[in-house]
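One structure is given below, encoded as structure tokens.
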Amino acid sequence: MILCCGESLIDMLPRQTASGETAFAPVAGGAVFNTAIALGRLGAPAGYFGGLSTDLFGQILDGALSTSRVDASLARRSARPTTLAFVTLTNGQASYAFYDEMTAGRMLTEDDLPDLGDSTEALFFGGISLVSEPGADAYAALCARSGDRVVMIDPNIRPSFITDERRYRARLGTMLRRADIVKISDEDMDWLGTTPDALHADGAALVLMTRGAAGVRASTPETSFEVPAVRTEVVDTVGAGDTFNAGLLAGLSQAGLLTRAALRAATPEALRPAVELGARAAAITVSRAGANPPWDHEL
């Protein structure tokens with residue numbers, strides 16, 4: 001199982017009622033949650049670990065995971081509220097108001113961490129769940145307990161969410177030094193002051209640098225190769241990177257490359273199909289509204 005560890009939340013999207021009143025529609029989301037959903041839809045052995053509420057919104061999240069073939073049995077359930085992100089649009093630009101105090105996701109502690117067992121072959125971390133304490137520290141502890149399992153990290157850094165930059169940089173730096181796979185953007189690298197070569201020097205076997213319409217540059221400690229973006233009509237880019245992460249992990253799993261030894265021994269020719277699967281899956285996601293990743297029969 002590929003266990004996606006991190007945030008799930010409800011995006012409250014602006015709508016208008018038939019009578020013209022402003023309303024908000026609840027939509028399941030969160031970067032790590034989206035990656036888990038995409039993995040399940042692609043037919044990979046997908047699991048989700050995070051804090052899930054037993055409230056109405058938590059039931060929406062739980063149902064979405066189940067419908068997309070994601071095993072959420074390791075998730076920590078509690079009566080704490082679900083994180084809500086209210087979205088407002090001003091001249092087409094989105095702004096967010098987060099309600100995350102004392103929520104089921106944020107209040108995870110090391111005592112809530114699951115026993116990974118032999119069925120967990122890889123762990124995925126990333127997103128805003130690596131920012132807010134105490135949950136962020138719990139995920140860092142789980143990463144440290146990963147043993148010989150493959151670890152992938154997508155920092156997906158949102159500077160506006162960071163309240164304690166020093167602690168965040170230290171936490172993320174420690175996790176990146178444990179990562180076998182890193183998906184990272186130009187902006188993330190600039191903020192961290194790092195490069196693919198530096199990430200490889202810290203131990204990463206595979207680094208994916210995403211560049212939007214310019215495609216993906218994949219590198220190993222020895223070499224690099226390019227995978228172009230798949231041409232499509234873009235509706236919006238919500239969930240594109242999350243879907244790419246899922247496609248990559250699904251492809252590596254299908255190819256038998258989701259072990260630390262296999263990953264380090266893999267040639268560019270062996271790795272390319274997994275990167276291409278990520279690009280194809282992401283292209284379908286951006287061709288339709290919202291974070292709506294493809295099912296395996298759509299590829």
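- Side chains of Thr83 and Thr103: a donor-acceptor N/O pair is present below 3.5 angstrom, by distance only.
- Heavy-atom minimum distance, Gly47 versus Val70: C-CG1, 3.8 Å.
- When atom types are taken as modelled, the side chain of Thr120 and the backbone of Leu116 share a donor-acceptor pair closer than 3.5 angstrom.
- Residue pairs meeting the ring pair (Phe, Tyr, Trp, His ring centres under 6.0 Å) criterion with at least one member in residues 114-137, sequence neighbours excluded, do not occur.
- With rounding to the nearest 0.5 angstrom, the CG atom of Asp100 is 8.0 Å from the CG atom of Leu9.
- Under the 4.5 Å side-chain criterion, counting only non-hydrogen atoms from C-beta, Leu248 is in contact with Met152.
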(Q) Using the rule given for side-chain contact (heavy atoms from CB on, under 4.5 Å), can you reason through Asn156 versus Ile128, listing the C-alpha separation, both sets of side-chain angles and the distance that settles it, and then say yes or no? (A) CA-CA 8 Å; Asn156 196 14; Ile128 61 173; over 6 Å; no

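- Under the 4.5 Å side-chain heavy-atom criterion for Ile, Leu, Val, Met, Phe, Trp and Tyr, Ile184 and Val227 are members of distinct hydrophobic clusters.
- Heavy-atom minimum distance, Val275 versus Ala218: CG2-CB, 4.4 Å.
- For residues 9-32, there are no salt bridge (Lys or Arg N to Asp or Glu O under 4.0 Å) pairs, not counting sequence neighbours.
- Cluster membership check: Met209 shares its hydrophobic cluster with Leu172, using side-chain heavy-atom separations under 4.5 Å among Ile, Leu, Val, Met, Phe, Trp and Tyr.
- Evaluation of the side chain to side chain donor-acceptor pair (under 3.5 Å) test over residues 130-150, restricted to residues two or more places apart or in two chains, returns Glu110-Arg145, Glu133-Arg167, Glu133-Arg171, Asp137-Arg167, Asp137-Arg171, Ser146-Arg178.
- A donor-acceptor pair under 3.5 Å is formed between the side chain of Ser129 and the backbone N or O of Gly126.
- Among residues two or more places apart in sequence or in another chain, the side-chain contact (heavy atoms from CB on, under 4.5 Å) test is passed with Ala291 by Asn34, Val238.
- Considering all non-hydrogen atoms of both residues, Leu176 and Pro155 come closest at CD2-CG, 4.3 Å.
- Ion pairing between Arg280 and Glu276 fails under the 4.0 Å rule for side-chain N and carboxylate O.
- Expressed to the nearest 0.5 Å, how far CG of Asp197 lies from OG of Ser224 amounts to 9.0 Å.
- Hydrophobic clustering keeps Val216 apart from Val207 (ILVMFWY residues linked when any side-chain heavy atoms are closer than 4.5 Å, directly or through intermediates).
- Looking only at distances, no side-chain donor or acceptor of Thr232 sits under 3.5 Å from a matching main-chain atom of Val234.
- The shortest distance between side-chain heavy atoms of Ser78 and Ser53 does not fall below 4.5 Å.
- Take Arg264 and apply the side-chain contact (heavy atoms from CB on, under 4.5 Å) test, not counting sequence neighbours, and it matches Asp180, Ala205, Arg260.
- The side-chain heavy atoms of Glu101 and Pro81, taken from C-beta on, include no pair separated by under 4.5 Å.
- Counting heavy atoms from C-beta on, the side chains of Leu123 and Cys143 never come closer than 4.5 Å.
- Residues Thr285 and Thr243 have side chains that bring a donor and an acceptor to within less than 3.5 angstrom of each other.
- Cluster membership for Leu249 and Leu199, using ILVMFWY side-chain heavy atoms within less than 4.5 angstrom, is not shared.
- For the atom pair Thr82 OG1 and Leu56 CG, the distance stands at 8.0 Å (nearest 0.5 Å).
- Residue Asp154 holds its CG atom at 4.5 Å from CG of Asn245, rounded to the nearest 0.5 Å.
- Closest of all the heavy-atom pairs between Pro294 and Ile284 is CB-CG2, 3.6 Å.
- Taking the six-membered ring for Trp and thresholds of 30 and 60 degrees, Tyr96 and Phe98 have ring planes inclined between 30 and 60 degrees apart.
- Cluster annotation: Tyr99 and Ile10 are assigned to the same hydrophobic cluster (Ile/Leu/Val/Met/Phe/Trp/Tyr, side-chain heavy-atom contacts under 4.5 Å, transitive).
- Put simply, CG on Leu52 and CG on Leu74 are 11.5 Å apart, with the number rounded to the nearest 0.5 Å.
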Where do Val182 and Leu208 land on the side-chain contact (heavy atoms from CB on, under 4.5 Å) test, with the steps shown first?
CA-CA 6 Å; Val182 178; Leu208 296 309; over 6 Å; no

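- Leu113 has its side chain out of reach of Leu108: every pair of non-hydrogen atoms, C-beta onward, lies at least 4.5 Å apart.
- Applying the salt bridge (Lys or Arg N to Asp or Glu O under 4.0 Å) test to every pair with at least one member in residues 202-211, sequence neighbours left out, gives these pairs: Arg211-Glu226.
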Q) Checking side-chain contact (heavy atoms from CB on, under 4.5 Å) for the pair Leu192/Met189: CA distance, chi angles, key distance, verdict? A) CA-CA 5 Å; Leu192 288 168; Met189 285 194 292; 5.9 Å; no

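- Looking at Thr237, its side chain never comes within 3.5 Å of a backbone N or O of Ala240 through a donor-acceptor pair.
- Minimum heavy-atom separation, Ala229 to Gly212: CB-O, 3.7 Å.
- Among residue pairs with one or both ends in residues 14-63, those qualifying as ring pair (Phe, Tyr, Trp, His ring centres under 6.0 Å) are Phe24-Phe86; sequence neighbours excluded.
- Across all non-hydrogen atoms, the minimal contact from Leu142 to Cys5 is CD2-SG, 3.7 Å.
- Among residue pairs with one or both ends in residues 63-74, those qualifying as salt bridge (Lys or Arg N to Asp or Glu O under 4.0 Å) are Arg69-Asp296; sequence neighbours excluded.
- Residues Val286 and Val235 are not in side-chain contact: their nearest non-hydrogen atoms beyond the backbone lie 4.5 Å or more apart.
- Pairs engaging residues 72-86 under the salt bridge (Lys or Arg N to Asp or Glu O under 4.0 Å) rule: Asp62-Arg77, Arg76-Asp112 [sequence neighbours left out].
- Glu121 places a side-chain heavy atom less than 4.5 Å from the side chain of Ile2.
- The ring pair (Phe, Tyr, Trp, His ring centres under 6.0 Å) pairs that include a residue from residues 224-275 number zero, where partners must be two or more places apart or lie in different chains.
- By the side-chain contact (heavy atoms from CB on, under 4.5 Å) test, Ala270 is found to be paired with Leu257, Ala266, Thr267, residues two or more places apart in sequence or in another chain being considered.
- Counting only residues at least two apart or in different chains, ring pair (Phe, Tyr, Trp, His ring centres under 6.0 Å) contacts with residues 183-216 comprise Tyr168-Trp191.
- Here Leu206 contributes atom CG and Lys183 contributes atom NZ; the two are 11.5 Å apart, rounded to the nearest 0.5 Å.
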I would like to know whether Ile153 and Ile181 meet side-chain contact (heavy atoms from CB on, under 4.5 Å); could you show each step before the answer?
CA-CA 6 Å; Ile153 296 178; Ile181 305 170; over 6 Å; no

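- At a threshold of 4.5 Å between non-hydrogen side-chain atoms, the residues Leu263 and Leu258 do not count as touching.
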